[in-house]
Amino acid sequence: MTDWIKIYYSTLFVFFWYFVAINFVNTAVLLLGIFKVKRRESEVSLEDCTSILHSESLPKITFIVPAYNESQCITRAIESLRSLTYRYKEIIIVNDGSTDNTLEILKNYYHLVPIPQFFEPRLSTKKIRGIFQSEKYKEIFVIDKENGKKFDALNAGINACRTQFFFSIDADTGIDGPSFEKIVRPMFSHSNLVALGASVRVINGCTLEFNRIATLNFPLRYFPAMQSLEYLRAFIQRQGWDYVGGNVILSGAFAILNTDAVIAVGGYTDTVAEDMEIILRLHRGFKKARKPYQIRYLPDPIAWTEAPETLKALSRQRRNWHRGTLDSLWFHKRMFMNPRYGLLGLFTFPYWCWGEAIEPIVEMMGYVLIIGGMSYGLISVKILFLFVLVAFVFPILITFFCLLIEEISFKKYPRFRSLIFLSLYSLIENIGYRQLTVIWRLKGCWDFVANYKHVRKISKHVQKLIKRGHLR
Amino acid sequence: MYLILIYLIFAEIAVLFITIIYIAILRLISPHLKKKNLKIQKELSSIIITHLTQLRESPHSFLSPLFASPRNLLLVMESFEKRFNDDAWKAVKKEICRLYLLPRARKWARSWFWKKRFFAARTFALSPQKKDANRIGPLIEDRLFLVNSLAIHAAISLETKELLLAVLHKMHLTTGYPYYYCRDLLIQSSSKLFNWIEELASETKDVAFRLTLVDLLSTKIFPLVHLDLTEDLNAKDDKRRLNSVRLFSRSPQPNSRDVLLKALDDNNDEIRAEASKGLNYFPEEVCFKKLNHTLKDKIWAVRLQAGITLKAMGEKGRTILEKQDPTNHPEAYDAAQYVLRFY
């Protein structure tokens, strides 16, 4: 055997080990997650939440909705929040310099009037042009500011937040009312809770009316259907991560955070994955200060978000997400294999580096190796069979596993037809769609490298925030 | 090494496969179980309704084998408890609990399995008996909220001093939702319990425990007979002062006015805001003057509360708000205009 062939087989062997290791971690995390999902589901089914509706003691919560050119869906999102049965709430919409008529729509719909600034800004943001409150619904506030991207809008909302917890919600996300009531108790149950996440589902194909899922259908269109599967898998896997060092991300579409904790670590920062970056910074901040804290993930599907339906929109989203992941991991690279951060530093963070960040690169090289090997007659039936097992069969099994966990727990797709479509799409997901995501994520990697100067600048800023953090 | 790789892959696939089959079997069985349970619950409901509508009191009617399904029976009983409150229902409930639910609950009260303890707690909450007090006590200390919350419900319904003490101790050691839950239950309880709470507050030396008790006393308008809060009002700890000012603010006492007027000069803004709120009960000249002065406070929340109280005090308060000068005191003017518009 020539040296090149030896090198080729050795490299192939390494790639197989890489994917076996990822599959092993995913399986372990899923198996851990299933206990949590089942336990939580039995609690949810037995718990009587009527006391929450009548409570005179529960504290207020704040919903922060950053909005940039959301004229199509902003009122629907606000009505969804306003209709929640939880009485003690404030809704802060941050109009982030929209160029469409988002602010006018809000002014007319909610009879907004200007009010004096009632808060001291604790985080720096772009200039606030005006603050409004609804005469009709006193719990609704609107902050109109210059455009500063989503992270800046969130920081402006946090400045105005007067409650212990705030909910960060996207303007295209609706909330399922009955499910929301079930998270009130976990939210207030732990005095050291810093962040709480819950499952987000794809609303395409369903309708949400007055906080109730009126029709529940698995989306039939290709891209939303694939995303539904991805969301299902990702949110179930995140349950298992809670046992292994903790989650490094809560969905930006819906997350609950402790206001003082976020302010103490300096608020959100300028990155496309501000949701992941803030969680990593919270982990770092609290571990550095040696203060007990909890960042938890509930499997309850509470929020329903619009998934991109077109190739262009989806590709842009995934490219940004991957770039954001790389940004966040780079900002916090000191956590890598650092025992100071416990299991998070020794296991979870490294997994995100080699199992998520560089995975598209490794996968693409794997395809190149296999196709190249086949064209030179180097791939035997045995190797091809192994490749099919690792690359296709295993992921399909993982997806089926997640579908069944969904079936025995929250069962948000009860119709048999939905189950059939879920199963069919999971069979074809790895042929075509998966390869597309690899390309998009590779583009995200390229964006990271191309914008490295900006990444370095923000990284320095993040280190300053960590140093300055006043969690002690 | 290739062999190891292959074995590992097959092992992972085997594990997944077995779990998938297990879950699939569960998925196939569970709808049938659910249907069966619903049928039992429906039949139990119709037996109970027959009793209630025909006012039959004979215990022999409850000897149907369906009553031997404790979980279904408990679910049905709980749903009836939400809808009925008359003597007929109380008699039926008493009989069914005595025959079927309480014996099981007493057996399961100390079970290792949380669902059995949960069953026991639910039964005691449904039909609390004084002789079960020694079983309810340990359930109050249960680590699971779903269990201890119902035990607390049962304890409060029984209105005994020992169980009340257990609930209050549990409450003061917790924070967050379990605290709020207990607080809400106690707010709805009788004045007999509040008398005991006041006694405990006046006797206890534990500052943290006293804070909890004073917080509870502030939830209702309740005349204080034994409790002296002078020490708390002059304490260095902000939380202690706030707690006691809140009591005077929300449950007006004979000396509330003087306490609240003094608290308006406190250096803590939460205390000043709370004091402003309580002056609502005292539409006197000195209070109007003081609130007018508080409208110029440096903290928005204090100014706002002063404005809200002034507006609630009638025409005179409203006049004070309308006469605020935008040039000399713009912050007071802003707060006044805000209150006039939104409250």
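Side chains are part of it too, since the values below use all heavy atoms of this structure and drop only hydrogens, waters and symmetry mates. Quick note on labels: first sequence line is chain A, next is B, and so on, each numbered from 1.
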Can you tell me how far the [atom1] atom of [X] sits from the [atom2] atom of [Y], to the nearest 0.5 Å?
X         : Y         : atom1 : atom2 : result
Ser55(A)  : Tyr177(B) : OG    : OH    : 7.0 Å
Phe145(B) : Glu47(A)  : CZ    : CD    : 6.5 Å
Arg122(B) : Leu46(A)  : CZ    : CG    : 6.5 Å
Asp215(B) : Ser57(A)  : CG    : OG    : 7.5 Å
Asp334(B) : Gln117(A) : CG    : CD    : 11.5 Å

* To do: With a 4.5 angstrom heavy-atom cut-off, could you sort out which part of Phe385(A) is near chain B: side chain, backbone, both or neither?
  =>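 When you check distances to chain B, only side chain atoms of Phe385(A) fall under 4.5 Å.
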* For Val390(A), is it the side chain, the backbone, both or neither that has a heavy atom under 4.5 Å from a heavy atom of chain B? ->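 Contact with chain B involves the side chain of Val390(A) alone.
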For the [atom1] atom on [X], are there more than 12 heavy atoms of other groups (residues, nucleotides or ligands in this structure) within a distance under 6.0 Å?
X         : atom1 : value
Phe132(A) : CZ    : yes
Lys239(B) : NZ    : no
Phe24(A)  : CZ    : no
Glu120(A) : CD    : no
Lys220(B) : NZ    : yes
Arg341(B) : CZ    : no
His172(B) : NE2   : yes
Phe35(A)  : CZ    : no

* Check: Glu56(A) and Thr219(B) side chains under 4.5 Å, non-hydrogen atoms ->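 SC-SC contact between Thr219(B) and Glu56(A) ruled out.
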Could you tell me which of [options] has the largest number of non-hydrogen atom pairs under 4.5 Å with chain B?
options                                   : result
Leu58(A), Leu31(A), Thr27(A)              : Leu58(A)
Glu135(A), Glu43(A), Lys138(A), Gln133(A) : Gln133(A)
Leu389(A), Ile34(A), Leu193(A)            : Leu389(A)

* Between Lys115(B), Arg183(B), Gln188(B), which shows the greatest number of heavy-atom pairs under 4.5 Å with chain A? ->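 Counting heavy-atom pairs under 4.5 Å, the top option is Arg183(B).
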Measure distances from [X] to the heavy atoms of chain A and classify the residue's part below 4.5 Å as side chain, backbone, both or neither.
X         : answer
Phe342(B) : both
Leu144(B) : side chain
Phe118(B) : side chain
Ser30(B)  : neither

* Sequence-distant partners of Arg104(B), side-chain contact (heavy atoms from CB on, under 4.5 Å), two or more places apart ->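 Partners of Arg104(B) under the side-chain contact (heavy atoms from CB on, under 4.5 Å) test: Pro70(B), Trp108(B), Phe119(B).
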* Asked: How are the rings of Trp300(B) and Phe118(A) set to each other: parallel, tilted or perpendicular (split at 30° and 60°)?
  ->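 Tilted: the ring planes of Trp300(B) and Phe118(A) meet at 30° to 60°.
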* **Counterpart residues, side-chain hydrogen bond (donor to acceptor under 3.5 Å, both in side chains), relative to Thr399(A) (two or more places apart)** =>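 For Thr399(A) the side-chain hydrogen bond (donor to acceptor under 3.5 Å, both in side chains) partners, ignoring immediate neighbours, are Arg233(A).
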